[in-house]
Amino acid sequence: MSNPFEDQDAQFSVLINHEGQYSLWPQFAPVPEGWSEVLRAGRQECMDYVEQSWTDMRPRSLAQAMDARDDA
Amino acid sequence: MAAPQGIEDVLPLSPLQQGLLYHAGSGGTDAGAYVLQTAVELTGALDAEALHTAADAIMARHPGLRCAFREVADGRTVQIVARSVAAHWATSLPAGQNARENEAEYAEIAAAERLAGFDLRRPPLLRFTLVRLSESRHRLLLTYHHIAIDGWSLSLVLKELFRLYRPGSGPAEGVEGAVLGPAVPFREHLAWLGTQDRAAAVHAWRTALDGLAGPCLVRRAIAGHGGALDELAGKGADRRWVALDLPHTLGRELTALARGIGVTVNTVTQFAWAVLLERLTGTRDVMLGVTVSGREPQLAGSESMVGLLINTLPARFTFADGEGAAQALRRLQAEQAELLPHQHLGLAEVQREAGVGALFDTVVVFESYPMDVAGLLGHIQDLRVEGLHFEASGHYPMALIAIPGPVLRLRLEYDGALLSAAEAQTLLARVHLVLRALADRPDGLVDHIDVLSAEERTRSLVGHAGPAQEVAPATFAQLFEEQAAATPDAVALVAGPDELTYRELNARANRIARLLVGLGAGPETVVALALPRATLLPAALLGVTKSGAAFLVLDPGQPTERTGEILRDSRPLLILTDGRTAVPEQQSTNTDGDTDRRPPVVVRLDDEEIRARISSAPDTDLEDTERTAPSRLENPAYVVYTSGSSGRPKGVVVTHTGIAGLGRVLPVPADGRVLQFLSLSFDASIADLCLAWFSGAALVLVPEEQRTPGPGFAELVRRYAATHVLLTPSLLATVPEDALPRELVIVVGGEPLPAELAQAWAGGGRVLMNQYGPTEATVCAVSHGPVRPDGAPVPIGRPVCGARAYVLDSRLRPVPDGVAAELYLAGPGLARGYLGAPGQSAERFVADPFARSGGRMYRTGDLVRRRADATLEFLGRDDEQAKVRGHRVEPAETAAALERDPRIAEARVLVREDQPGRPRLVGYVVPVEGCELEPASVRARLRERLPDYLVPSAVVVLERLPLGPTGKLDRRALPAPDEAPSRPSPTPATPRQELLCRLFAEVLGRSRVGVDEDFFDAGGDSLSATRLIARVRAETGLEQPISALYETGTVAAFDRRLDGALRRTRPALRRMR
């Protein structure tokens, strides 16, 4: 049995949710509710994209709450 | 060959006959799976004599009914056709008082006939038994061996039997030819086989099976059934069947569907089974057996032959992403059509071409005989014939038989050792679901066909979720403070001789927290702890969490190189330490160019000035306003490092969301005492803290020097009057049975709990809990217990703490219960991700397709199956990760460390299980050119860099790594570590040395150990050392500390130490490995 996320040759998407969290996602599966697709590419390209884009790993609602306080 | 008197013909065997002979076992009597039975009901006046006469005529008509099988001088088996064989005819008159008694007697007669089997060396291989149930009701039972008669042939035999039946006057000699026309003998089929192009067929099959990854075996997929089934297979030990009549409308719709897209209903049935196989086995490359009639249209009269003409061959179907059902059906049919001219090849030859052994273990049979089976039924000469049924049994664990007729009937024949009747019915229901989906949505995606009913699907996804027992979420600090306010004078901490109440511990922690806040600690920062196991450690840990920062506990026992790596990766703001623990020097410049980050500040908590600052700080609970930012549930509570596949340890960032639930996985009474034995750097220890402190119980922190497994552990439990303890199964295994009080609640986790160990410890009133959960799901996600001491495999249980557990296949679909697939976890316990590793986080914490709210799930990489009682059973890892004594081990991390050795050019590390149940790491290294490598020195070097459990227990030096045809490492070609010592070892000189050699070998799981081989180089570790010391004590009565073994290592040196055993030395420092 092979995990679909480990298939090095498959096509993947990068998904993002309302909290700004990223998920690698195999293209054969429908995009789950609450997530949107930001990239379709090979696995490595997707991983590179996430590495570069997900700079603040705090959930967005937390980051906003914390940053709002900093601004206040 | 000149035929002797009485022999009409000597013929070779067809490929399938050879196969059956193999399964039947050559020579002697076979009463196995290929002894088949068929019965017909005869209502009305019967002339039994006339029927018997007709049977004789049938025997005379078909040479295939008169054959037997004999081995000839050169070892081949041939079939010998006897010139004349009378029908084997028996009449039975049950003496029952009523129909029911007669039925019972009939069942016995039928069973006896089947059990009698057939001596394949003697014709006939068909027996008629006429059972008179009443004046006007008879049942004709035909018992036959499949090697001579296939289903088509049997229907011919029956049809012809009743056409020749002439009540009142038997048929005259030779009349059968006039009535039935000529019958072509079976030999014509064999002759035709001989004329076929074998080479072309081999080529066609080789092409069809090209690139096959492996066989498609349902027996293997239905987990929990071990190898014993292989022995059962073919014996027909417990052959059963269930049947399902599809609704009329569905039958019609399927016929219309098939016609509409240009395939046969047979193909539709095969496809439905293939879909089910894909879901059960998890493979996209599905293989099933199909039975072909073998009656070639080009061979005149082939339809009139009696013999075994059918052939069973593989049908392969490779599922493709995004393919529609109609398209897939057409493809399956087209791929099968390609092979049509090559169906004469025997299965054994086809398998040889594929080279993977048995290709399939299920078959689909579509019963369509040209002379309309239904036409046989009806009135024949005042006699009503009904109840015809052909058994298509075989040695396959499952056979799906589709029987067309007024309704399409599905019959599943199965091995009773593999499935229960209910499970078999469920499988048929799933086939029904697939057929329904095909009829409803021929253009829908194949991958979207659900084999679960809607209700089953809901139950599978959410029905087994952990009770969302409302534990109000709160931060670690809040939960502790609530308890401290509730029971301020209860004992919160015992550390060696020291005891602190909740009030005292809370006050201390508050003071430390204020110091830390002053130094910048707060939410979203990491504070590392490098402290000895004394009261200061838990107080400081609480101080960190109260400041709002995440704690990271470093293990002072682990190599400084790894600690350094963890510190470089986690970049803590502060490192809390004291004079007794050394912290690796931190580089002041960052190699990755991140200039924002300063190196961590090392805070000596024993420093005069620091102590003064701590004691002068207020001891009340901190308010959010005092912190650098409010402490929130979504902030990290702690960071725990696990072995990483990238070759470096990775830090799991765990937030407070799952912390409250963690304290509720087990009820601990307020007067409980939780023994904290495992290292606090191991995240199961966080559960110790939560269990104790959120219940008002005491945490007993075992001092480092007392942390010894084995008999000493029982002493600890007694000394500290512990009531609860969390252990790994490997540690529990070192404790002598019955050495622990019955009242002690034992929780095991971190690795699979062997059934024998569970049996030894559960029961007798003892509560033994088996818990499961990766660090990424906040320690505990699934729990089972109290474990029953029934010796059965112990499940890991059901989700707890509001967790949801999905068991998903390779297309992320929930699988049917009982099917092995990967476990995914969702719920409040999910960690935020891996520290500073967005990519790795995004590939392990992935979108949850069932949450509908943008939620995430963690893919564990663990294979499980859900049992009928809804508990999960752990089956192993889906990837290379392994567990060594409760620790997660990524072989890649060890390999990366090996390759950092300048003497090593290339390294690979494997988890080998040469002894079942004893996984071990083995390193394979290729030295740089011109370098001589000693395995022992390679391991010694690794021990400086890696924790004990990541050091391979054996290192094998190779000239080069074996590569497979695709250029990838050929794992199977890697040798098992050589058992023999690298140089000849002197033989034991004394009986005691001999005894020691035996004990060393026993504990190391080897056949022998030389007197000058080092225990640890031979794969020994702290755990096996404990066992060895216990064995030595038991066998010699001589007490030795474990350190004696560390200091000596070899049998010879240890033996010398025993000489001086009278004056017991007790070294000040024990090296724990």
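Chain A is the first sequence line, chain B the second, and so forth, proteins listed ahead of strands; every chain is numbered from 1.
For chain A, the option among B:Ser841, B:Gly322, B:Gly833 with the highest count of heavy-atom pairs below 4.5 Å is B:Ser841. Note: B:Gly839 leads B:Gly836, B:Gly839, B:Gly855 in heavy-atom pairs under 4.5 Å with chain A. For the set A:Trp25, A:Phe28, A:Tyr22, the entry with the most heavy-atom pairs within less than 4.5 Å of chain B is A:Phe28.
For B:Arg632, the part lying near chain A is the side chain, with the backbone staying farther off; criterion is any non-hydrogen pair under 4.5 Å. Heavy atoms of A:Gln21 lying under 4.5 Å from chain B belong exclusively to its side chain. B:Ala851 does not touch chain A: none of its heavy atoms, backbone or side chain, sits under 4.5 Å away. Of the two parts of B:Thr283, neither the backbone nor the side chain holds a non-hydrogen atom closer than 4.5 Å to a non-hydrogen atom of chain A. Heavy atoms closer than 4.5 Å to chain A are found in the side chain of B:Tyr824, but not in its backbone.
The salt bridge (Lys or Arg N to Asp or Glu O under 4.0 Å) check on B:Arg813 picks up B:Glu278, B:Asp447, B:Asp809, with sequence neighbours excluded.
When every heavy atom of B:Val446 is checked against every heavy atom of B:Ala325, the shortest pair comes out as CG2-CA, 3.7 Å. The minimum heavy-atom distance linking B:Arg856 with B:Ala826 is given by the pair O-CB, 3.7 Å.
Inspection of non-hydrogen atoms places A:Pro32, A:Glu33, A:Gly34, A:Trp35, A:Arg43 of residues 31-43 of chain A under 4.5 Å from chain B. Residues of residues 11-19 of chain A placed with any heavy atom under 4.5 Å of a heavy atom in chain B are listed by number as A:Leu15, A:Asn17, A:His18.
One finds no salt bridge joining B:Lys650 and B:Asp569 here, because no Lys/Arg side-chain nitrogen approaches an Asp/Glu carboxylate oxygen to under 4.0 Å.
More than 12 heavy atoms of other residues, nucleotides or ligands lie within 6.0 Å of CD in A:Gln8, so this atom counts as buried by the packing criterion.
Contact annotation: the side chain of B:Arg441 never approaches that of B:His448 to less than 4.5 Å [non-hydrogen atoms, C-beta and beyond]. By the 4.5 Å heavy-atom criterion applied to side chains, A:Asn3 and B:Glu822 are counted as neighbours. Inter-residue side-chain proximity for B:Arg811 and B:Asp321 is flagged as met; some heavy-atom pair is nearer than 4.5 Å.
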Start with the C-alpha distance between B:Tyr834 and B:Phe845, add both sets of side-chain angles, then the distance that settles ring pair (Phe, Tyr, Trp, His ring centres under 6.0 Å), and finish with yes or no. CA-CA 9 Å; B:Tyr834 298 111; B:Phe845 296 87; 5.6 Å; yes

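Cation-pi contact between B:Arg844 and A:Phe5: absent, since separation from the ring centre below 6.0 Å together with deviation from the ring axis within 45° is not met.
Side-chain contact, A:Asp48 with A:Gln44: a donor N or O sits under 3.5 Å from an acceptor N or O. Under 3.5 Å, the side chains of B:Tyr858 and B:Glu776 contain a donor-acceptor pair of N or O atoms.
Sorted by first then second residue, the salt bridge (Lys or Arg N to Asp or Glu O under 4.0 Å) pairs that include residues 827-842 of chain B, not counting sequence neighbours, are B:Glu524-B:Arg832.
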